[in-house]
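Working notes, beginning with the structure itself.
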Amino acid sequence: MFPIVFLFLFLRPMKEKISEIKDLLQNPKDIVITVHRGPDADALGSALALSEVLKQLNHNVTVISPNDYASFLYWMKGNDQVVIYSEDKEKAQKITNNADLIFLLDFNSLSRISDYSDVVENSSAIRIIIDHHQEVDTKAANIIISDPKSCSTAQLLFEVIENLEYKHLINKDVAESLYAGIMTDTGSFKYSSTTSKTHHIIAELINLGADNSKIHDLIYDNYSENRTKLLGYCLNDKLQIFPELNSAIISLTEEELKKFNFKKGDTEGVVNYALAIKGIIFAVFIAEKEGVVKLSLRSKGDFKVNKIAKQYFSGGGHMNASGGISELSVNKTIEKVISIFKENKKNLTK
Ligand code: 5GP
Ligand code: MN
């Protein structure tokens, strides 16, 4: 019985969901906005943009991130007020318990917020998901706005804000946070998820005050010396290419990361260098962080890395960009990945 009810709620028309959200926002509420663990620019930018819009409507809004994130996102408006659950559990718990509404942005299942999920589930707040990942867990929220075709949660959120008739509340700060989300999730407008609609929305964000060149600079041209040297080490010493399987691996152990004084975000994008090599259609980045072996999977064309992430690494994501974790050591994980390459030889070499 229950799954059918949830499926029905999920399948309701967008218009109905928007008017329900609008009703919920009619009078001032205590609102929490949360994002997946290790939020990227799309997750954090969407959360801070929505927060700035809702604050202008006199809601009491708190953005809660399950853990800390890369410092190249700290420029976003509202960053200084984000509560980090892993660093201040008591405060995050109190605010979440007290919330009327919880927005869950850029993730499709409560497992993506780790142990903060217990706190969210124990709160009586109404939950609203806005997300662009496939296979959203229809039981995770009361209202679900999910569009896996959307290049980013930030683009989808822009459309939600427009449909709620709050577009006049998109000021320069909101526009810049949304711009950052769309720019990074489209690989600077190059992935196939980038459409003419994306460019129209980007044009609107620039008209609303987003300084596009400045944002690019803040996110991409802001490497520390250590990050640049770590990238050099990855490419020169740690890149393994399997030309007969059109695949590549880059891996790092915790000791190697320590040598380069690793900071959150320092390995973001490294996997793309492996994928940029001529002929490579499947690239895997493996790194041991805080005792956990994490994988980033990227592909070109119709090779579905989300299937691999789900089947072998308790993960998921998008068709061409996914992630997961491994229970094995870095070396054993490399062996496992090589055997996955071999198993998929037919699809990798067709
Ligand atoms: P990244 O490789 O940049 O960490 O993640 C790429 C994409 O994979 C993310 O946008 C997210 O959708 C997905 N992803 C990353 N890690 C996980 C994970 O542990 N579980 C799931 N379900 N998806 C993940
Ligand atoms: Mn995203």
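Just so you know, these numbers use all the heavy atoms, side chains as well, and skip hydrogens, waters and symmetry mates. Counting convention: from 1, in listed order, for ligands and their atoms alike. This chain uses plain numbering: 1 for the first residue, then up along the sequence.
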Nearest non-hydrogen protein atom, atom 18 (C) of ligand 1: G323 O, 3.7 Å
Which residue and heavy atom of the protein sit nearest atom 3 (O) of ligand 1, plus the separation: R298 NH2, 2.9 Å
The one among S322, G317, G316, S314 that brings a heavy atom closest to atom 24 (C) of ligand 1: G316
All pairs passing ring pair (Phe, Tyr, Trp, His ring centres under 6.0 Å) where residues 136-165 contributes a residue, at least two apart: none
Carboxylate-amine/guanidinium proximity below 4.0 Å for K310 and E135: yes
Protein N, O or S within less than 2.8 Å of the Mn ion (ligand 2), waters excluded: D42 OD2, D106 OD1, H132 NE2, D185 OD2
Closest protein heavy atom (residue, atom, distance) for atom 16 (N) of ligand 1: K294 NZ, 3.1 Å
Short N-O contact, E244 and K345, less than 4.0 angstrom: no
Full working for side-chain hydrogen bond (donor to acceptor under 3.5 Å, both in side chains) between Y312 and E343: CA-CA 12 Å; Y312 299 100; E343 266 172 52; 2.6 Å; yes
Per-residue contact class, E268 against ligand 1 - non-hydrogen pairs under 4.0 Å: neither
Any side-chain heavy-atom pair of V174 and K77 under 4.5 Å: no
Side-chain H-bond candidate by donor/acceptor type, Q155 with S152, under 3.5 Å: no
Criterion side-chain contact (heavy atoms from CB on, under 4.5 Å) against Y273, the qualifying member of I280, L239, L231: L231
Derivation and outcome, side-chain hydrogen bond (donor to acceptor under 3.5 Å, both in side chains), residues D131 and H133: CA-CA 6 Å; D131 177 49; H133 292 91; 2.7 Å; yes
Heavy atom of the protein closest to atom 9 (C) of ligand 1 (residue, atom name, distance): H133 NE2, 4.3 Å
Lys/Arg N to Asp/Glu carboxylate O, K172 vs E176, below 4.0 Å: yes
Sub-4.0 Å heavy-atom contact, R112 with ligand 1: yes
Contact check: L297 vs ligand 1, nitrogen or oxygen atoms, below 3.5 angstrom: no
Test: K259 cationic atom under 6.0 Å from Y233 six-membered ring centre, within 45° of axis: yes
Heavy-atom nearest option to atom 2 (O) of ligand 1, drawn from A321, S296, A309: S296
Any H36 heavy atom less than 4.0 Å from ligand 1: no
Ligand 1 versus K310: contacting region, heavy-atom distance under 4.0 Å: neither
Modelled atom types, side-chain donor and acceptor of S299 and N320, under 3.5 Å: yes
